Amino acid sequence: MKNLAVLTSGGDAPGMNAAIRAAVRTGLSHGVSMWGVYQGYSGLIEGNFKRLGARDVGSIIQRGGTVLGSARCAEFHTEEGRELALRRLRGAGIEGLIVIGGNGSQTGAEALHSMGFPVVGVASTIDNDLYGSDITIGVDTALNVALNAIDNLKVTASSHSRALLVEVMGRKCGYLALMSGIAGGAEAIVLPEVETAPEQLAERIQNVYERGKPHAIVVVAEGATYNAEGLCQYFREHNLLSGYEFRSTVLGYVQRGAAPTCADRLLGTRLGSAAAEQIIAGNQGVLVGITQGELSTTPLDVVVKGKKPLPAWFLKAAEMLAR
Ligand code: F6P
């Protein structure tokens, strides 16, 4: 392989830059010319490529976001779009592609692979909902941002005797809510995976109030049946408010834009480097990830069909520890 390209796609995740840097420098150290594709699959379709040297990826390991840019590209969902992307790659003499991203990005990677183009995926999304890696790039940073916010919100909630509903990202997956809720000592956690009736939740919060706690923190996953504001509204409309005053805070994109933690820099570095090594060695059509603490490769067709469950122990513990 003489020319290898890297792209980042979907929601950006802290640690993506570490993965780009590691992939580029690993490729270069194997004598391969490295290319960056700008703006994800849109850039692939437009032929937005630039050759990258070692210095082009200098001083990016500590930065959040992705220096290559990212996009959600509807055109790439069409066959014509994907064929045009392949023509662009082949036209530029690029013989392999590393795709750093989550579910949607790896679905695109698997489509290119099934069209005969060498692709390797790198597990990267703050949602941690990607099958084939126990942990994905960006999760640790997003969790720490959420945790910081929860700690701060607990302080002001206590001062005012309030119940604070904190909404965290995660799309349809409750991983960020579950783990930040447990680490933040939340009184309740609302997940898409576990049906929670608002009445039941209100009763629980009332119970917390009656036990004399100065605050109640409820971490709500954005993908739950009712989001944070939805729950507050339901409580108001159904007269379910307890002794606390209720407020909601949506963390949103704040979780995505932070500088990567040490864990995410190391994970990005490990996976980015492994992706370059795998594709150069001829192991294509796989996702590189971490399984039981070890580097793993999983076929992309298995990845896109798989469903990752929430960690069972933490799911059980959430109930037991919120007292
Ligand atoms: O997949 C990462 C993520 O941040 C989700 O948690 C969130 O639901 C979604 O992306 C937001 O997408 P967009 O950036 O397109 O608004």
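We use all heavy atoms of the structure for the numbers below, so side chains are in, but hydrogens, waters and symmetry mates are not. Read the numbers this way: they start at 1 and go in the same order the structure lists the ligands and their atoms. Being a predicted model, the structure only gives us computed values, none of them experimental.
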Subject >> Geometric class of the F76/Y41 ring pair [parallel <30°, tilted 30-60°, perpendicular >60°] >> reply: parallel
Original post:
Any idea which heavy atoms bring T136 and T125 closest together, and the distance?
Top reply: OG1-O, 2.6 Å
Subject >> Residues, nucleotides or ligands: over 12 heavy atoms within 6.0 Å of E199 CD >> reply: yes
Under a 3.5 Å threshold, I'd like every N/O contact between ligand 1 and protein atoms, with atom names and distance.
unit_1   : atom_1 : unit_2 : atom_2 : d
ligand 1 : 1 (O)  : D127   : OD2    : 2.6
ligand 1 : 1 (O)  : R171   : NH2    : 3.4
ligand 1 : 4 (O)  : R256   : NH1    : 2.9
ligand 1 : 6 (O)  : D127   : OD1    : 2.7
ligand 1 : 6 (O)  : G170   : N      : 3.0
ligand 1 : 6 (O)  : E222   : OE2    : 3.4
ligand 1 : 8 (O)  : E222   : OE2    : 2.4
ligand 1 : 10 (O) : R72    : NH2    : 3.1
ligand 1 : 10 (O) : R171   : NH2    : 3.4
ligand 1 : 10 (O) : R256   : NH1    : 3.1
ligand 1 : 12 (O) : R72    : NH2    : 3.0
ligand 1 : 14 (O) : R256   : NH1    : 2.9
ligand 1 : 14 (O) : R256   : NH2    : 3.1
ligand 1 : 15 (O) : R72    : NE     : 2.6
ligand 1 : 15 (O) : R72    : NH2    : 3.4
ligand 1 : 16 (O) : Y253   : OH     : 2.4

Original post:
For E79, does the CD atom have more than 12 heavy-atom neighbours from other residues, nucleotides or ligands under 6.0 Å away?
Top reply: no
Original post:
Y234 and Y226: aromatic ring centres closer than 6.0 Å?
Top reply: yes
**OP:** Quick one: list whatever passes side-chain contact (heavy atoms from CB on, under 4.5 Å) with S248, sequence neighbours left out.
**Re:** L165, A228, E229, C232
